[in-house]
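A note on names: the letters A, B, ... follow the listed sequences, proteins ahead of strands, and every chain is numbered from 1.
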Amino acid sequence: MTTTREFQGITLERLREHVWEIPQEEPMGVPARVLASEELLEQIGDDKTLQQLKNATQLPGMQKYALCMPDGHQGYGFPVGGVGAIDAETGCISPGAVGFDINCGVRMIRTNLTYDDLKGTERELVNSLFENIPSGLGGGGIVQTDVDTVDEVLERGLDWAVEEGYATREDMLHCEDEGRRPDAVADYVSEKAKNRGRNQLGSLGSGNHFLEVQRVTDIYQADVADAFGLQPDQIVVLIHCGSRGLGHQVCSDYVRRIEQKHGDFLKSLPDKDLAAAPAKSQLAAEYYGAMGAAINFAWVNRQLITHQTRRVFERVFDRDWQDMEMELLYDVAHNIAKKEPHDVDGDTRELYVHRKGATRAFPAGREEVPRAYRDVGQPVIIPGSMGAGSYVLRGGAESMNETFGSTAHGAGRTMSRTQAKKDYRGETVQNDLEERNQIYVKAQSGATIAEEAPGVYKDVDEVVRVSEELGIGDAVARTFPVCNIKG
DNA sequence: ATGTCC
C-alpha cells in the first residue's frame with residue numbers, strides 16, 4: 001500500500017522514510033522530491049513551496065528530479081531549500097533558482113578559548129563586535145573603496161584578500177572553491193551593482209544575517225570532530241551573510257535582461273519568476289560570469305568580517321589571533337549555481353547545480369574537499385535560530401546519489417516577517433534570551449530581533465536528523481549561542 | 001535577501 005499526502009491539491013507519494021515524490025505528470029519535466037519527516041512535510045505543505053517545486057521541474061534540462069531539502073519554504077519563483085541540477089549544454093541557468101543574495105553563506109572560525117575563558121566578558125565582547133562590524137541596511141563596510149578595487153575583488157575573490165593582508169592562504173584553502181571562482185567576469189557586472197558594493201565590503205547586512213559567538217555543546221563523531229578541530233566547550237564564531245546590494249543588483253539586472261531577451265521562452269514556463277537563460281545563450285554566459293563575480297564579492301565580505309573579528313578578539317582577550325588559533329574551519333555557500341560533473345544514468349554530465357538555500361555536502365574522498373578533511377568529508381555548517389544554536393555536519397555517503405551532493409542550509413522560517421512582528425517584541429525576546437539562556441544579543445533594530453525570534457524557525461534538530469537519516473549529511477558537533485550581533 | 005520603486 002502506498003502512503004500518500006495531499007496539500008493544496010498536490011499529491012505526494014512516500015517512497016521511503018523521509019522521501020516524498022510528486023510523480024511526473026503533464027506538464028512536469030521530471031518528478032519532484034521532498035526530503036522531510038512527516039512533521040517537516042506538514043510545514044512545507046503550508047505555503048507555495050510544493051507548487052514552486054512542481055513548476056521548477058519544467059526548467060528545460062532538469063535532471064532526475066527537482067529537490068526540496070527538509071528546511072524548504074517558498075521563495076522567489078524557486079523554493080528556498082531547493083536543488084535543481086540542469087544540463088549545462090542543453091538546459092538553462094536560472095537566477096531565480098540561485099536567489100537574490102548570491103553566495104549567501106556561512107563560515108565557522110575556531111578558537112582555542114573555552115566557555116570558561118569567555119564568561120564575564122560577554123557584554124564587552126558583544127558591544128565590541130557590534131561597534132566594529134557594520135550591520136544593518138545600506139552602506140558602510142569595513143573597507144570603503146572605488147569601482148576599480150571592486151573589479152579586483154570580483155575577479156579574484158580571496159586572492160585579493162590575501163594580497164591585501166586580510167586573509168591567509170590557509171583561510172583560502174578552507175573555503176568552498178578555495179574562495180575564488182575562476183570563471184568570474186567583472187565586466188558582466190553592471191556599474192550600478194559595483195557602485196552598490198563599493199562601500200559594503202565587510203558588512204553583515206540585515207534580516208537573518210548575523211555574527212554569533214558560540215560554544216560547542218555536543219560532539220557526535222569524535223574522529224570527524226577531531227579532523228575539524230572541534231571539542232566540547234570550545235568557543236567558535238559563526239558568520240552568516242552574503243553579497244549585499246551588489247549580489248542583489250546582479251540578480252535584478254539579469255532577471256530583467258532575461259525577461260527582455262527571452263520573453264518567448266519565459267512564456268513557456270509556469271512562473272515568470274523562474275526566469276532562466278538557455279544554456280548556450282549569451283545571457284547565460286554573462287549571468288554565470290556575473291554570478292561568479294558576486295560569489296567572489298561575498299567571500300571577500302565574509303573574510304573582511306573574519307579579519308575584524310580577529311582584531312576584536314585580540315583587544316578583548318589581549319592575545320594575538322594566531323595565539324588563540326582563530327583559524328577558519330570552513331566557509332560554505334548556500335545560494336549559488338555551479339558547473340559540476342555528476343553521474344546521471346551511468347553517464348557523467350556537466351550540470352549547472354542550483355543550490356538555493358541548500359549546501360554542498362560532498363562526501364569523503366572527493367577532491368573538491370580540502371586535504372585536511374578529505375578522509376572524513378566536507379564540513380557543512382547549518383545555523384539554527386539565535387536561541388537554538390547550530391550544527392556542523394560532514395557530507396554524507398549518499399549525497400552524490402540522492403541530492404547531487406547537497407543537504408539543508410538552516411532551520412527555515414515557519415512564519416512571515418510581518419507575522420513575526422505581530423507575535424513578538426524585540427526587547428522582550430532579547431531580555432528573555434539573556435535572562436533565561438545567557439545569550440547576549442545586540443541588533444541595529446528591535447524589529448529585526450522580533451523577525452528573527454527563535455519561535456519563527458523550524459526545529460533545526462529535526463532538519464539535521466532527516467539529513468543524517470538520509471545519509472546526505474551527518475551531524476558532527478552542535479553549538480549553542482553566547483553572543484549574537486545582527487542588522 | 002534588498003538604498004523593501006528608476
query = Would you call A:Glu468 and A:Arg465 a salt bridge, using N to O less than 4.0 angstrom?
reply = no
Checklist entry - When all nucleic acid strands are considered with a 4.0 Å heavy-atom cut-off, which category describes A:Glu451: base, sugar-phosphate, or nothing? => result nothing
Using atom types as modelled and distance alone, determine if a side-chain donor or acceptor of A:Ser268 lies under 3.5 Å from a backbone N or O of A:Phe265. yes
From CZ of A:Phe297 across to P of B:dT2 the rounded distance in Å is 11 Å
Whole-Å distance, A:Lys486 NZ to B:dT2 C1', equals 17 Å
A:Glu191 CD to B:dC6 P, in whole Å, measures 18 Å
For A:Ser243, report the nucleic acid contact type (base, sugar-phosphate, nothing); a contact means any heavy atom under 4.0 Å. nothing
Walking DNA chain B from its 5' end, the first of A:His240 and A:Leu137 to be reached, judged by nearest nucleotide, is A:His240
Using a heavy-atom cut-off of 4.0 Å across all strands, would you classify A:Gly207 as base, sugar-phosphate, or nothing? sugar-phosphate
In whole angstroms, the gap separating P of B:dT4 from NE2 of A:His248 amounts to 9 Å
When rounded to whole Å, the CG to P distance for the pair A:Leu204 and B:dT2 reads 10 Å
Sorted by chain and residue number, the ring-ring contact (aromatic ring centres under 6.0 Å, His included) partners of A:Phe130 (sequence neighbours excluded) come out as none
Atom NE2 of A:His209 and atom P of B:dT2 are separated, to the nearest Å, by 6 Å
note: A:Asp253, atom CG; B:dT2, atom C1'; distance rounded to Å ~ 13 Å
Sorted by chain and number, sequence neighbours left out, salt bridge (Lys or Arg N to Asp or Glu O under 4.0 Å) with A:Arg198 holds for none
Atom NZ of A:Lys192 and atom C1' of B:dC5 are separated, to the nearest Å, by 10 Å
With a 4.0 Å cut-off on heavy atoms, is A:Arg417 in touch with a base, just the backbone sugar-phosphate, or nothing at all?
sugar-phosphate
